[in-house]
Amino acid sequence: MPDPLDPLFDRLSRSAFRRRFRLGRQDRDYLEDRGLESVLAHAAAFIATRLAPAEPANDGRQTPMRGHPVFVAQHATATCCRGCLAKWHRIGTGRALTADEQAYVVRVIGRWLQGQEQGPERGAPPRQGRLF
C-alpha cells in the first residue's frame, strides 16, 4: 500500500532548494546516539512552540538552518515556517495548528529523517554531481 506522503516527497524531490538538504556527520551522530524516537520528541516540542501558534514569533525565520537534525529536516520538508506549510502542505496561516496537524508535521519530519539514515556514508549510492 503506498504511503500517503509519497506525493509530497515526490514534489519535494523536484525542488532544487529542498533537495540540497542532507544531515551532516554531527547531525547523523546525534540521531544515531539518541535514536529516532527521541529526536521526534524534540521535533514535537519544536513544532508546538515554534510553528503551532497562530502567529509564530519571527515567522519565516524561526527555524535555524543547522544545529539539530530536526531543523535540517524542517527545511528539507518545507515544515520550517507557516508560509511553507501553506504552500507545500496546504495548512492555512492565521490560526493555531491542530493536534492532528502537528502530528502530521512530525510524521513528515520522521519520514525524511528515516531516509537520511541510509545516506551516502551508510551504503546508499552517491548522488551524481552537476555535469556542467
Side-chain angles (χ1 to χ4, degrees):
M1 178 171 220
D3 186 328
L5 294 178
D6 286 348
L8 168 68
F9 278 85
D10 183 52
R11 284 187 294 127
L12 290 168
S13 74
R14 292 191 302 263
S15 166
F17 177 75
R18 303 291 167 195
R19 210 175 40 234
R20 75 182 174 116
F21 289 97
R22 298 277 185 265
L23 290 183
R25 170 55 45 203
Q26 201 169 24
D27 287 332
R28 281 181 187 276
D29 290 346
Y30 186 93
L31 180 59
E32 187 174 307
D33 291 345
R34 287 168 180 76
L36 183 62
E37 186 176 328
S38 176
V39 172
L40 290 180
H42 298 167
F46 292 148
I47 298 310
T49 59
R50 295 174 180 240
L51 201 61
E55 295 181 22
N58 301 313
D59 193 29
R61 297 179 310 280
Q62 75 267 42
T63 305
M65 296 296 269
R66 59 183 165 267
H68 195 285
V70 170
F71 298 153
V72 179
Q74 283 185 266
H75 289 291
T77 60
T79 58
C80 46
C81 68
R82 294 303 292 270
C84 290
L85 278 180
K87 176 182 176 180
W88 287 88
H89 302 273
R90 295 181 180 92
I91 297 175
T93 60
R95 62 171 180 77
L97 295 180
T98 67
D100 285 345
E101 289 168 336
Q102 291 180 55
Y104 163 80
V105 170
V106 173
R107 240 182 2 264
V108 170
I109 290 168
R111 172 157 167 190
W112 187 85
L113 288 170
Q114 286 175 318
Q116 289 295 295
E117 290 177 333
Q118 289 299 318
E121 298 157 16
R122 307 282 168 117
R127 293 181 342 147
Q128 181 174 346
R130 293 175 69 172
L131 297 176
F132 300 92

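Model, not experiment: these values are computed from the prediction. Along the sequence shown, residues carry numbers from 1. What's counted below: heavy atoms across the whole structure, side chains too, no hydrogens, waters or symmetry copies.
Ser15 is not listed as a side-chain neighbour of Leu12, based on a closest heavy-atom distance of 4.5 Å or more. Contact annotation: the side chain of Leu5 approaches that of Tyr104 to within less than 4.5 Å [non-hydrogen atoms, C-beta and beyond]. Inter-residue side-chain proximity for Cys84 and Arg18 is flagged as met; some heavy-atom pair is nearer than 4.5 Å. Residues Asp3 and Arg111 form a side-chain contact, since some pair of their non-hydrogen atoms from C-beta on lies under 4.5 Å apart. Contact of the Thr77 side chain with the Val105 side chain is not registered, since no non-hydrogen atoms from C-beta on lie closer than 4.5 Å. Between Tyr30 and His42, some side-chain heavy-atom pair lies under the 4.5 Å cut-off.
Of all non-hydrogen atoms in Trp88 and Arg11, the two that sit nearest each other are O-NH2, 3.1 Å. Contact record, Gln116 with Arg28: O-NH1, 2.6 Å, taken as the closest heavy-atom pair.
The CG atom of Leu51 lies 6.0 Å from the CZ atom of Arg82; values are rounded to the nearest 0.5 Å. With rounding to the nearest 0.5 angstrom, the CG atom of Leu85 is 8.5 Å from the CD atom of Gln74. A distance of 7.0 Å separates CD1 of Ile47 from OG1 of Thr63, quoted to the nearest 0.5 Å.
The pair Glu101-Arg95 meets the salt-bridge criterion, with a side-chain N (NZ, NE, NH1 or NH2) lying under 4.0 Å from an Asp/Glu carboxylate O.
Centroid-to-centroid, the aromatic rings of Phe46 and His68 come within less than 6.0 Å.
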Query raised in the report: Where do Leu40 and Val70 land on the side chain to side chain contact (heavy atoms under 4.5 Å, CB included) test, with the steps shown first?
Result: CA-CA 8 Å; Leu40 290 180; Val70 170; 5.8 Å; no
